[in-house]
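In this text, all values refer to a predicted model and were calculated from it rather than measured experimentally. Quick note on labels: first sequence line is chain A, next is B, and so on, each numbered from 1.
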Protein chains: 2
Amino acid sequence: MTGTQTAAVTARSAPGYGEGRQALLAAAVHVVATRGLRHLTYRSVAQQANVAHGLVAHHFGTRDALLAAALEFSLANSVGSISTEPGSGDLDALFAGVVDMVRANPDDQAFQYELILEARRRPELRPQVEQVYATYREALRSELQAAGVEADDALVHLVFAAVDGLVFQQVCLDEPALTLPSLERLRDLLRPLSGRSVRAD
Amino acid sequence: MTGTQTAAVTARSAPGYGEGRQALLAAAVHVVATRGLRHLTYRSVAQQANVAHGLVAHHFGTRDALLAAALEFSLANSVGSISTEPGSGDLDALFAGVVDMVRANPDDQAFQYELILEARRRPELRPQVEQVYATYREALRSELQAAGVEADDALVHLVFAAVDGLVFQQVCLDEPALTLPSLERLRDLLRPLSGRSVRAD
DNA sequence: CGCACAACTGGTCATCTGGACAGTTGTGAG
DNA sequence: CTCACAACTGTCCAGATGACCAGTTGTGCG
């Protein structure tokens, strides 16, 4: 690519030298999220990344390996804190940023749900999926304990499943309007279990 | 197929005359659930159904139409009551059969999650998906009200999302051990909201 | 500048796929 | 039994796909 930027009328510019691998990872997330696993082909992902299709085999070897790497990439980019005030025990801060996070990164969420389902069929993907679930659950346990809630396994599992379900529905049915009030109700349900009564209501 | 049953050593027998269409629908659910949407091809579904692959085009015309029909088929086969004692208001009966239902029909659950994600990309699938969610939510609202719980939209949405999330995790991560205790905890959280205190603890 | 190596390109090929289609088989009514 | 029609079969074909690969280009070091 030597001085032909003016000739390149595509919406996406070619990645810089040495940036192809990363561009392919991001492209894989986008293609899967928007068109499904079925349409993730060497050519579709290369086109999305604006590189030649042979580069997929060059960097990843196989389609399966691309997917595994893309999952790792997506998780690394989206795992965040479950509270806007980590460690504070403030229930109002718990999951407070979820709706905006999903809105800001719908591709990552959708991609991850696709890959979680794929993990049923691809055992090599499971460690990553399980690790993320476990990480979030431990973080949730800490937050609940900081709030004075006795956080046994069943409660942690339930609360995390509830949020997982809310996000899934937001992503799939595009119903963000009810996510915030539902999270509010979740906090209302948890509040009597905590040692605190901060909210004046 | 005239008297060659002894020669047919395949695990699946060919469907009877006139039963091909139904066999293909069931096969589609199984193939998608076990191998993903990507591997749902005319040939894979026909092989699973033990019919010739041309029959897919004959009955459904296109792969997309097969999927839409299979979703309808799967939903018709799996939508059940959310309580083991419908209308009773008994919180202990609420979602009591869920774990066993998922265990008995993992294919249907997985298939439906695959199709829910697919509905993001295929607007024609959305009415069915939304209809099922709406039906379940209304049923949940009724059960909660029968239990004396003031069932506003946010609470219904939250409770259904929680169960949806639990089922998703059971299906994908194969962790049924925590589903029952989590449902128990969900009921514990709902109990103070009801006008009843039936459980002796 | 030359060189080693990585990144990248785009052609190639065997195989698969969606779907059309002509021919065969099965069913039920008259 | 005959006939109309639906169900079914398996071949065909154009296009797509995963992956390989020889050749080209870019980078950084000596």
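Counting any heavy atom pair closer than 4.0 Å across all strands shown, B:G54 reaches a base atom. Residue-level contact check: A:L40 touches the backbone only, with heavy atoms under 4.0 Å from sugar-phosphate atoms and none from bases. Nucleic acid contact class of B:L24 (heavy atoms, under 4.0 Å, all strands): none. At a threshold of 4.0 angstrom between heavy atoms, the contacts of B:V56 with the nucleic acid are absent. Note on B:H53: a base of the nucleic acid sits closer than 4.0 angstrom, heavy atoms only.
Ionic pairing of A:R63 and A:E118 is not present here: no N-O contact between side-chain nitrogen and carboxylate oxygen is shorter than 4.0 angstrom.
For A:H58, the listed nucleotide lying nearest its side chain is C:dA7; candidates were C:dA7, C:dG18, D:dT9. The A:H59 side chain lies nearest to C:dC8 when the options are D:dC20, D:dC13, C:dC8. Residue B:L55 places its side chain closer to D:dT9 than to any other of D:dT9, C:dT12, D:dC13.
As a whole-Å value, the separation of B:R63 CZ from C:dA20 C1' is 18 Å. For the pair B:D64 CG and C:dG19 C1', the computed distance is 13 Å after rounding to whole Å. If you measure from atom CG of B:L66 to atom P of C:dG19, you get 10 Å, rounded to the nearest angstrom. Across the protein-nucleic acid pair, B:Q22 atom CD and D:dA7 atom C1' stand 15 Å apart, rounded to whole Å. Put simply, CD on A:E19 is 15 Å from P on D:dG26, counting in whole angstrom units. Following rounding to the nearest Å, A:F60 (CZ) and C:dA7 (C1') show an atom-to-atom distance of 13 Å.
Contact between A:A147 and A:S194 at its shortest, heavy atoms only, is O-CB, 2.9 Å. Here the closest non-hydrogen pair linking B:L189 and B:L193 is O-CG, 4.1 Å.
At a cut-off of 3.5 Å, with distance as the only test, no side-chain donor of A:D164 or A:Y136 sits close to an acceptor on the other residue.
For A:R38 and C:dG18, the shortest distance from a side-chain N or O to OP1 or OP2 is below 4.0 Å. The shortest distance between the side-chain N/O atoms of A:R43 and the OP1/OP2 oxygens of D:dT17 is not below 4.0 Å. Note on A:Y42: every side-chain N or O is 4.0 Å or more away from OP1 and OP2 of D:dT17.
Scanning atom types as modelled, one donor and one acceptor separated by under 3.5 angstrom connect the side chain of B:Y17 and the base of D:dA6.
Checked against the 6.0 Å centroid criterion, the rings of A:Y113 and B:Y113 do not qualify as a close aromatic pair.
Comparing B:R21 and A:H39 along DNA chain D, the residue whose closest nucleotide (by nearest heavy atom) sits nearer the 5' end is B:R21.
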